**Student:** 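Take this structure, written in structure tokens, and hold onto it; I'll ask about it next.
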Amino acid sequence: MPERVAIYPGTFDPITLGHFDILQRASKLFDRVIITLAINSNKTPLFSKEERLEFIKDAVKNISNVTVDSFEGMLIYFAEKTGAIAVIRGLRAISDFEFEFQLALMNRKQNSEITTVFLMPNEKYTYLNSSIIREVARFGGDVSSFITPLVAEKLKDKFLK
Ligand code: ADP
């Protein structure tokens with residue numbers, strides 16, 4: 001049987017334990033998961049591409065079937081290049097649904113062989129997103145239970161020095 005590969009794309013600015021939860025679930029369902037930074041020139045992230053990749057690599061270092069990559073441009077072209085059969089996305093609340101639904105159907109239109117798979121994180125992460133982490137950290141709040149120790153350290157460097 002060919003290897004069953006999924007990609008998990010996102011901005012990961014920065015990666016949170018919500019992302020990590022989704023990634024762990026996906027890694028049990030597929031032979032290999034590629035967590036991939038989607039470089040979007042319309043967004044101005046807090047952390048550089050290199051920093052975000054460093055945080056992701058550190059977070060996934062103990063999951064043997066996860067690799068890390070990045071791409072620019074069309075998600076589906078990247079998925080095709082890697083031979084992926086699925087695109088993983090996280091669904092937290094109904095508010096995620098509308099945009100994710102549009103994206104999934106648009107991607108299916110581009111390549112009907114690649115299926116979007118939605119996974120739900122543990123309830124404790126359902127209200128979590130990277131922008132809330134950035135905002136709370138900016139004002140010195142404690143976000144350490146939602147991120148990896150490395151990200152916690154780098155957020156402190158960014159805002160509290
Ligand atoms: P994007 O800009 O592609 O939405 P994000 O880094 O914000 O990038 O999110 C990547 C994926 O992870 C999306 O599918 C998003 O719904 C999901 N996600 C983000 N935060 C969480 C969370 N706390 N729990 C589960 N899924 C999440």
Side-chain angles (χ1 to χ4, degrees), residues 5-30 32-60 63 66-80 82 84-111 114-138 141-152 154-155 158:
V5 178
I7 62 170
Y8 178 32
T11 310
F12 305 113
D13 184 33
I15 186 168
T16 70
L17 298 189
H19 293 127
F20 186 71
D21 178 299
I22 297 295
L23 187 67
Q24 271 184 316
R25 288 171 203 280
S27 73
K28 290 176 189 150
L29 297 173
F30 292 90
R32 188 158 61 91
V33 179
I34 306 170
I35 178 169
T36 181
L37 205 59
I39 310 291
N40 181 344
S41 50
N42 293 328
K43 289 188 183 175
T44 314
L46 174 66
F47 290 105
S48 69
K49 174 185 170 188
E50 290 71 28
E51 287 172 310
R52 285 177 287 151
L53 282 173
E54 182 196 351
F55 302 159
I56 295 172
K57 283 182 185 151
D58 171 69
V60 310
I63 318 181
V66 170
T67 56
V68 183
D69 209 336
S70 64
F71 74 97
E72 227 164 312
M74 282 273 283
L75 169 71
I76 280 300
Y77 297 160
F78 176 80
E80 286 168 354
T82 61
I85 57 167
V87 175
I88 305 293
R89 296 290 288 174
L91 265 193
R92 287 159 292 190
I94 299 174
S95 53
D96 277 341
F97 181 76
E98 190 160 5
F99 174 70
E100 292 294 340
F101 185 66
Q102 289 171 347
L103 193 66
L105 290 186
M106 186 51 83
N107 282 335
R108 191 158 74 189
K109 194 88 190 151
Q110 314 296 316
N111 184 331
I114 299 176
T115 302
T116 300
V117 176
F118 292 108
L119 298 174
M120 286 169 290
N122 185 305
E123 306 79 77
K124 64 183 182 211
Y125 300 131
T126 50
Y127 55 93
L128 189 60
N129 63 46
S130 299
S131 64
I132 287 194
I133 295 289
R134 293 194 303 271
E135 280 313 296
V136 176
R138 188 187 304 276
D142 179 14
V143 284
S144 56
S145 53
F146 300 119
I147 50 182
T148 62
L150 176 65
V151 172
K154 295 298 163 124
L155 276 168
K158 205 139 250 154

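Just so you know, these numbers come straight off a predicted model, no measurement behind them. Atoms within a ligand are numbered from 1 in the order they appear, just like the ligands themselves.
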**Student:** Would you mind listing which atoms of ligand 1 come within a distance below 4.0 Å of any non-hydrogen atom of Lys43?
**Tutor:**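 Atoms satisfying the 4.0 Å criterion: 2 (O).
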**Student:** Students should be able to answer this: which protein heavy-atom is nearest to atom 8 (O) of ligand 1, and at what distance?
**Tutor:**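 Of the protein heavy atoms, Thr11 N, 3.0 Å lies nearest.
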**Student:** Taking atom 21 (C) of ligand 1 as the point of reference, which of Met120, Arg92, Lys124 owns the nearest heavy atom?
**Tutor:**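 Looking at heavy atoms only, Arg92 sits closest to atom 21 (C) of ligand 1.
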**Student:** Got the closest protein heavy atom to atom 14 (O) of ligand 1, with its distance?
**Tutor:**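 Nearest protein contact, heavy atoms only, for atom 14 (O) of ligand 1 is Gly90 N, 2.9 Å.
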**Student:** When you measure from the heavy atoms of Glu100 to every atom of ligand 1, does any distance fall below 4.0 Å?
**Tutor:**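 So Glu100 counts as touching ligand 1.
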**Student:** Based purely on interatomic distance, does Ser130 place a nitrogen or oxygen under 3.5 Å from a nitrogen or oxygen of ligand 1?
**Tutor:**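 There is no such contact.
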**Student:** For atom 25 (C) of ligand 1, what is the nearest protein heavy atom, given as residue, atom name and distance?
**Tutor:**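 Protein heavy atom with the smallest distance to atom 25 (C) of ligand 1: Pro121 CG, 3.3 Å.
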**Student:** Measure the CE-CD distance between Met74 and Gln110 for me, rounded to the nearest 0.5 Å.
**Tutor:**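 Interatomic distance, Met74 CE to Gln110 CD, rounded to 0.5 Å: 4.0 Å.
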**Student:** Do ligand 1 and Leu128 have nitrogen or oxygen atoms that lie under 3.5 Å from each other?
**Tutor:**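 N/O-N/O distance below 3.5 Å exists for this pair.
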**Student:** Tyr125 to ligand 1: N or O pair under 3.5 Å?
**Tutor:**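 Right, the criterion is met.
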**Student:** Is Tyr8 close enough to touch ligand 1? Criterion: a residue heavy atom under 4.0 Å from a ligand atom.
**Tutor:**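 Yes, Tyr8 has heavy atoms under 4.0 Å from ligand 1.
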**Student:** To check your reading of the model: name the closest protein heavy atom to atom 9 (O) of ligand 1, its residue, and the distance in Å.
**Tutor:**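 Looking only at protein heavy atoms, the one closest to atom 9 (O) of ligand 1 is His19 NE2, 3.5 Å.
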**Student:** Which atoms of ligand 1 sit under 4.0 Å from any heavy atom of Gly18?
**Tutor:**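 Reading through ligand 1 atom by atom, the close ones are 22 (C), 23 (N), 24 (N), 25 (C).
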**Student:** Does Glu72 come within less than 4.0 Å of Lys49, counting only side-chain N to carboxylate O?
**Tutor:**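 Not counted as a salt bridge, because no side-chain N and carboxylate O are separated by less than 4.0 Å.
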**Student:** What is the closest protein heavy atom to atom 6 (O) of ligand 1, and at what distance does it sit?
**Tutor:**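 Result: Phe12 N, 2.9 Å.
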**Student:** According to the interplanar angle, ranging from 0 to 90°, do the rings of Phe71 and Phe78 count as parallel (below 30°), tilted (30 to 60°) or perpendicular (above 60°)?
**Tutor:**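 Judged by the thresholds at 30° and 60°, the geometry between Phe71 and Phe78 is parallel.
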**Student:** Phe97 vs Phe101 aromatic rings, parallel, tilted or perpendicular, using cut-offs 30° and 60°?
**Tutor:**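 Rings of Phe97 and Phe101: parallel, under 30°.
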**Student:** How far is atom 3 (O) of ligand 1 from its nearest protein heavy atom, and which residue and atom is that?
**Tutor:**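 Minimum-distance protein heavy atom for atom 3 (O) of ligand 1 reads Arg89 NH1, 3.1 Å.
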**Student:** Taking side-chain contact (heavy atoms from CB on, under 4.5 Å) as the criterion, tell me which of Ile133, Asp21, Asn129 meets it with Thr16.
**Tutor:**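 That would be Ile133.
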**Student:** Would you check whether Pro9 reaches within less than 4.0 Å of ligand 1, judged by its heavy atoms?
**Tutor:**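 Right, Pro9 reaches ligand 1.
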**Student:** Is Gln102 atom CD crowded by more than 12 heavy atoms from other residues, nucleotides or ligands, each under 6.0 Å away?
**Tutor:**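 Yes, CD of Gln102 has more than 12 neighbouring heavy atoms, counting only those of other groups under 6.0 Å.
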